[in-house]
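Read the structure below first, then the notes.
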Amino acid sequence: MALWIGLALLNGVLIATSRAINGRLGEKAGPLGAALWSHAVGFVFLSLVVAVLFRDELERRPEAPPAAWLGGVLGVAFVALNSHAVPRLGAGRTTGFVVGAQMLASVGLDSLGRPFSPATAVACGGAALIVAGVWMASTLRAQSRKPAPTAGEPP
């Protein structure tokens, strides 16, 4: 279990790092350009890894089902949306909102086909608290950046 938790934490670090990098790239190349570069480089890297390490397995595997193509489309949307949001919200706020939305969506997907339980309600509440916390922190941060009123100005 500790290995899987460690991998999940490492994944979180890698996602945050790639989000910041793609945000910078998005400022220069635009959101779709950032998605294109990210996926093109990822494709080349993964192709080399598969060619070197998994060549024999690739020959024995059946073709990917049509639903597998959806992952690539969602990946492009993920990078493009993050590349657009990070320069405007910052990496931390964007990550907070993304994590909150991921939690809400994950709870919903895990609950499909299962009866609603108190555990599901608690998980939904926890995910909603993440989103609310990020929203409140963003609002407070924005308010604290406003210049203080000078004498004679209304607050």
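Every value quoted in this text rests on a predicted model; they were computed, and no experiment measured them.
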Give a yes or no answer on whether the side chain of [X] reaches the backbone of [Y] with a donor-acceptor pair at less than 3.5 Å.
X: Arg88; Y: His84; value: yes
X: His39; Y: Ala35; value: yes
X: Ser83; Y: Asn22; value: yes

Rounded to the nearest 0.5 Å, how far apart are [atom1] of [X] and [atom2] of [Y]?
X: Leu48; Y: Phe43; atom1: CG; atom2: CZ; result: 9.5 Å
X: Ile21; Y: Asn82; atom1: CD1; atom2: CG; result: 12.5 Å
X: Ser18; Y: Leu25; atom1: OG; atom2: CG; result: 11.5 Å

(request) Would you check, one step at a time, whether the test side-chain contact (heavy atoms from CB on, under 4.5 Å) holds for Thr120 with Val107? (result) CA-CA 7 Å; Thr120 303; Val107 169; 4.1 Å; yes

Do [X] and [Y] share a hydrophobic cluster, counting only Ile, Leu, Val, Met, Phe, Trp and Tyr and linking them when any side-chain heavy atoms are less than 4.5 Å apart?
X: Leu9; Y: Met1; answer: yes
X: Ile5; Y: Leu7; answer: no
X: Ile15; Y: Val79; answer: yes

Where do [X] and [Y] come nearest, in terms of heavy atoms and distance?
X: Ala29; Y: Ala34; value: CB-N, 4.2 Å
X: Val131; Y: Ala101; value: CG2-N, 4.1 Å
X: Pro31; Y: Ala80; value: CB-O, 3.3 Å

(message) Within the supplied structure, the quantity of interest is the number of heavy atoms (other residues, nucleotides, ligands) at a distance under 6.0 Å from Phe45 CZ; does it exceed 12?
(response) no

(request) Assess the side chains of Thr95 and Arg19: does a donor N or O sit below 3.5 Å from an acceptor N or O? (result)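 Side-chain D/A pair, Thr95 to Arg19: present.
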
(request) Report yes if some heavy atom in the side chain of Val99 is under 4.5 Å from a heavy atom in the side chain of Gln102; otherwise report no. (result)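 Side chain of Val99 against side chain of Gln102, heavy atoms only: contact under 4.5 Å found.
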
